[in-house]
Every structure is written in structure tokens, then in C-alpha cells.
Amino acid sequence: MMKQIFGKLPKKPSKSSTPNVDDDHIPPSSKPSTKSSNSNGANSVAYEALPSFRDVPTSEKPNLFIKKLTLCCVLFDFTDPSKNLREKEIKRQTLLELVDYISTVSTKFTDSATQEIARLSVVNLFREFPSSNQESKTLETLDTVDDDEPALEPAWPHLQVVYEILLRFVASSNADAKLAKRYIDHSFVLNLLDLFDSEDRREREYLKTILHRIYGKFMVHRPFIRKSINNIFYRFVFETEKHNGIAELLEILGSVINGFALPLKEEHKLFLVRALMPLHRPKCAGAYHQQLSYCVVQFVEKDFKLADTVVRGLLRYWPLSNSSKEVMFLGELEEVLEATQAAEFQRCLVPLFRRIARCINSSHFQVAERALFLWNNDHIRNLISQNHKVIMPIVFPAIERNTRGHWNQAVQSLTLNVRKVLAETDQVLFDECLAKFREDEANRTEVVAKREATWKLLEDLAASKSVSNEAVLVSRFASSVTLAATGKTSAS
């Protein structure tokens, strides 16, 4: 259907030709530009304003509406602020009139009006972004997205009003979905999704609202929209790790997931496993983690049996060297566990609390604090209490080490509170864990002492042979006793 729209676009006139403009002939529109802004060579003589809707009879307004839409398909160059000032203002005022007309019209939009609105969107909105937008953005700048000023679209004075026209049309009760789907088709939706990579946050906000409205109005497009968003996620996670609109797409999906009927379809569960969970992997996940966490928790709240899948997915993509990301994961984990029931909790508690124990021992105080805060959640503490015989032996060594040597006073205080909770839960098991910890620490101290003695003997042997430059051969599996005997023989 996009071909039908493009097919109606006249060829660009030559530089030597000057189009004659009157009420019956509107300047030809250019095809969608490959640049963010473009000009079709309109001049001050050819581009003239059309009469206002207030100045024509009601019967002529539909035709005038189409003429104004066609007039606004002319593009101007916004990279030069001093160029075509008069024409730009005429177009902006015409676009604003179109917004008012769409908002107040009481009759259904005709086929030709619908086609021209779609054509207006195609010509003005659909464009490719300069490749430098992507090449200049590294993962580090994405991870700290607020540190750099985003590139703003210079043609925004016109683009904003065109987006407003499209939004009001899609949201209007006078727009017939069965008729409009001929022009707002799969190709239109794909081009709309491509625009989510815009660096201009204002544009992405409009796109988010419009796509959400299209998803609600055009039920026939819903599976295609979900599949297309999946493909964007796949390309982002497994190929580029660069995209500006992941947060906005996830925000749309959060509302979509909230409307999923129960029981969940297998297609939706696969979407969780294959698209949402891998989004935890990129280094720049902090730019969209809030929206991602909301989507994931929505799934668990709708189907509690997915809790085990989600927890294991989080453990799979758990950050090993990014403390700020680890804090975000712990926050999401708490939200997931709040919606988790006992049976699902038991399936994943061993690998889960091994990870939590490592977080408790983290030298980064925020990671340790966030892990210890889990015991402040009543629901999670009840789950831990019900399974304390398995959990306590796993986390006790980490808690005991914190009480003895963590550098942060707040972490030590929180650790003592958790230690007290464990003791009150099962004093006998607590004492057993404490005795085993002391035994393990003693064995570890003995191993460390033997290792240091071995290295000391090696240093002494090396020093005794250094004068004669004689090589020292030591068996890979030589014991400290053998080395000690060798040392005595050498000394004699």
C-alpha cells in the first residue's frame, strides 16, 4: 500500500521549472528524504497560503482540507535557519489549521482524506537518520545517556505538528479503521518503528503515543507490531547494542502485556524468554531498565509459574563487574520475588541465594546493602523463613564475614540485623552453621599458612642456588615435607 502512496507522488521538477500554484494545483511533493531535513526547491512566488477554513462554505471544507494536506507535503531545508522563512511559516500555520480541523470535524474521514493524511506522514516523517548518529555513540555514552546533550531535530517546528495531525487522526472516532488500514499498513508501521531510533526525545514521545494508539485501533496489526518490536530487540541485543528508543518501545509493551488475556499464550511466554530477558545483557541496560523491569514483573504477576524462569534468566545475565547494574538487578529481583509463590521459590532458591551471598560480601557497599535489604521485605522474609534449612547454610558464611570485616559501617549494621533474624528463626541450625564456619575458617587459615611456608622454602632454595647459578628443580606435586627435607640437605 505504501507503493500506492509513493506512486501518486509527482516527480521532482527540474531546477529551471517553476510550478504555477492556484487553488486547483498544489505544488508537487517530494519523496521521503534520506536526510533528516530536505527542500524541494519551493520559492516565495510558488508557495502561497490557501484560504482559511473559516472563509469557505461548509460544503467546500473537505476539498480544502485535502488541498491543505497536499500543500504541506512540500519539504524545506531547516539546516539553514535563514532560508525560506516565509514559506516555512505558511506551512506551519497550515499544519496548525489542519490540527484544528481534525479535532473539530464531525463527519467521517473519506478515503481520499485518509490517503492524503497517510501521504503527509510518509513525506514529512519517514526518513533515514545520518549514520554518524550511531557511529558516534559508544556503549559508554549510552550507559550515561544524561551526560550528553541529544541531537535535536532542526525540522521539529514542522514535524511536531505533523505528528500531532497523525495522532489526532488515529485517535479520532471519525477515522474508520477498516478504511485506514489500507494506508496505515505493515510498511507504514515498519517505517514508524524505524523512527524510534531518533535522538530527539520529543519525537520518540510522539511516536510512543501514536504507535500505542495504532496498536489499540488496528487489531489486525497487533501480531505484526509485536513481531517487529521483537526483531528490533534481537538486532539490538545480538548485533548493534545501539538504539535510542528501547525504553519507549518497552513502555508500549508494558501496556500491551498488561492487557494479555489469561492463560498466557505460548507466543507471549516465548517473547519473555527470547526477547525481554536477553535485554538484561547489554552494558547500556540502565537506560531502559525501569521499563524492562516493569514488563518482566507484569508477566510474573499474570502467571506466577513464570517466576522460576525469570529468576534463572536474571541469574544468567547477572553482571560480574558492573556494580551499578548489579544494584538494578537486585531491585528487579525483589519485585519479582514479591510476586513469587512458595513452590516456584523452592525451585530456584539454591542458585539464587548463592548469588545473593556473593552480593552480601561485595566490597561495593550499595550492592551489599541492596542484597541485605531483601530481609526487610515481609513476603521475601516469609519465603526465606519457610526454607531456612536450605538457605541459612548458604548465606551464613557471607553474613559472618561481613560482621567481622566489612569496611562499611552501614553494611555491618544491616548484616548484624540479618544475623539476628537468622538466629531467631532456628537457633540450633544457627549454632551448627557457626561451628562449621569456624572450622572452615581454621582449615582455611592452616592452608594459607602451609602455602606461605612453601613459598618461603622456595625463596630460600632459590637464594641458596643463586651464587652458583644452578637450576632448582621442584616437582609440581612436591609436598611441603619434601621441600623441607630438601632445604635441610642443602643447608648441610
Side-chain angles (χ1 to χ4, degrees), residues 121 125-126 129 142 145 150 159-160 162-172 175 177 180-181 184-237 240 242-262 264-265 267-280 282 284-302 306 310 332 335:
S121 304
L125 303 179
F126 297 166
F129 299 110
L142 278 171
V145 66
L159 289 180
Q160 179 185 14
V162 175
Y163 275 120
E164 190 67 32
I165 290 171
L166 180 58
L167 173 60
R168 298 202 182 196
F169 171 74
V170 173
S172 174
K181 72 179 181 181
I184 301 179
D185 56 5
H186 287 182
S187 180
F188 188 97
V189 170
L190 280 177
N191 281 284
L192 207 62
L193 285 169
D194 287 341
L195 295 175
F196 274 87
D197 202 19
S198 169
E199 288 191 41
D200 197 326
R201 189 182 299 273
R202 302 168 301 179
E203 183 168 15
R204 299 200 304 271
E205 283 297 315
Y206 262 108
L207 287 165
K208 178 184 68 177
T209 307
I210 290 170
L211 186 63
H212 192 209
R213 290 283 190 173
I214 290 176
Y215 188 91
K217 193 180 192 76
F218 300 88
M219 296 185 65
V220 67
H221 291 338
R222 290 183 180 183
F224 179 79
I225 292 174
R226 293 197 301 268
K227 182 180 179 181
S228 300
I229 293 176
N230 281 6
N231 292 336
I232 292 175
F233 290 165
Y234 295 151
R235 188 161 54 249
F236 169 70
V237 172
T240 65
K242 297 177 183 178
H243 197 284
N244 294 304
I246 300 298
E248 286 78 12
L249 290 172
L250 285 170
E251 199 166 333
I252 295 171
L253 288 173
S255 178
V256 170
I257 294 167
N258 190 43
F260 281 165
L262 296 177
L264 291 175
K265 297 179 180 178
E267 166 203 349
H268 299 154
K269 296 178 183 178
L270 288 175
F271 166 68
L272 168 67
V273 175
R274 296 179 180 176
L276 289 186
M277 296 312 298
L279 282 172
H280 291 85
C284 57
Y288 54 80
H289 183 264
Q290 182 180 356
Q291 292 84 358
L292 175 60
S293 177
Y294 177 78
C295 290
V296 171
V297 173
Q298 285 280 306
F299 269 103
V300 179
E301 289 179 348
K302 281 191 167 291
L306 292 172
V310 168
E332 181 178 355
E335 292 185 50

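Bear in mind that the values here come from a model prediction, so they are computed numbers and not experimental data.
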Validation row: Asp194, Phe129 side chains within 4.5 angstrom (heavy atoms): no
Do other residues, nucleotides or ligands put more than 12 heavy atoms under 6.0 Å from the CZ atom of Arg213? no
Arg204/Glu199 salt bridge by N-O under 4.0 Å criterion: no
Would you say that more than 12 heavy atoms from the other residues, nucleotides or ligands in this model lie under 6.0 Å from the CD of Gln290, or not? no
Can you tell me if Lys208 uses its side chain to pair, donor with acceptor, with the backbone of Ile252 under 3.5 Å? no
Heavy-atom side-chain proximity of Gln291 to Glu248 below 4.5 angstrom: no
Flag if over 12 foreign heavy atoms under 6.0 Å of CZ, Arg222: yes
With a 4.5 Å heavy-atom cut-off, do Leu193 and Leu249 have their side chains touching? yes
Has the side chain of Tyr288 got a donor or acceptor atom that lies under 3.5 Å from a matching backbone atom of Leu279? yes
So Leu276 and Ile257, do their side chains get closer than 4.5 Å, heavy atoms only? yes
What pairs meet the salt bridge (charged side-chain N to carboxylate O under 4.0 Å, His left out) rule with one or both residues in residues 284-294, with sequence neighbours excluded? none
For Phe126, is there any backbone N or O sitting under 3.5 Å from a side-chain donor or acceptor partner on Asn191? no
Closest heavy-atom pair, Ile184 versus Val170, reported as atoms and distance to 0.1 Å, is CD1-CG2, 4.3 Å
How far apart are the closest heavy atoms of Pro223 and Met219, and which atoms are they? CD-O, 3.9 Å
Under 4.5 Å between any side-chain heavy atoms of Val310 and Phe299, yes or no? no
Using side-chain heavy atoms (C-beta onward) and a distance below 4.5 Å, is Asp185 in contact with Phe218? no
Could you tabulate the donor-acceptor pairs under 3.5 Å formed by side-chain atoms of residues 228-236, not counting sequence neighbours?
unit_1, atom_1, unit_2, atom_2, d
Ser228, OG, Phe224, O, 2.8
Asn231, ND2, Lys227, O, 3.4

Considering all heavy atoms, the nearest His221-Val189 contact: CD2-CG2, 4.4 Å
CA sep, side-chain torsions, deciding dist, call: Tyr215, Arg226, side chain to side chain contact (heavy atoms under 4.5 Å, CB included): CA-CA 9 Å; Tyr215 188 91; Arg226 293 197 301 268; 2.8 Å; yes
For the atom pair NE2 (His212) and CD1 (Ile214), what is the distance rounded to the nearest 0.5 Å? 11.5 Å
Measure across Ala247 and Ala287 and return the closest heavy-atom pair with its distance rounded to 0.1 Å. CB-O, 4.0 Å
Find the distance between OH (Tyr163) and OG (Ser121) and round it off to the nearest 0.5 Å. 9.0 Å
Between Glu251 and Tyr294: side-chain donor-acceptor atoms closer than 3.5 Å: no
Is any side-chain heavy atom of Leu166 closer than 4.5 Å to a side-chain heavy atom of Leu125? yes
Could you check whether any side-chain N or O of His280 sits under 3.5 Å from a backbone N or O of Met277, counting only pairs where one atom can act as donor and the other as acceptor? yes
Walk me through whether Gln160 and Glu203 qualify under side chain to side chain contact (heavy atoms under 4.5 Å, CB included). CA-CA 7 Å; Gln160 179 185 14; Glu203 183 168 15; over 6 Å; no
Donor-acceptor check, side chain of Lys217 to backbone of Ser172, threshold 3.5 angstrom: yes or no? yes
Mind checking what makes side chain to side chain contact (heavy atoms under 4.5 Å, CB included) contact with Lys269, not counting sequence neighbours? Leu264, Glu266, Asp303, Leu306
Hey, does Tyr206 have a side-chain heavy atom less than 4.5 Å from the side chain of Leu159? no
Straight-line distance of Asp200 CG to Leu195 CG, nearest 0.5 Å: 11.5 Å
Glu205 bridged to Arg202 by N-O distance under 4.0 Å: no
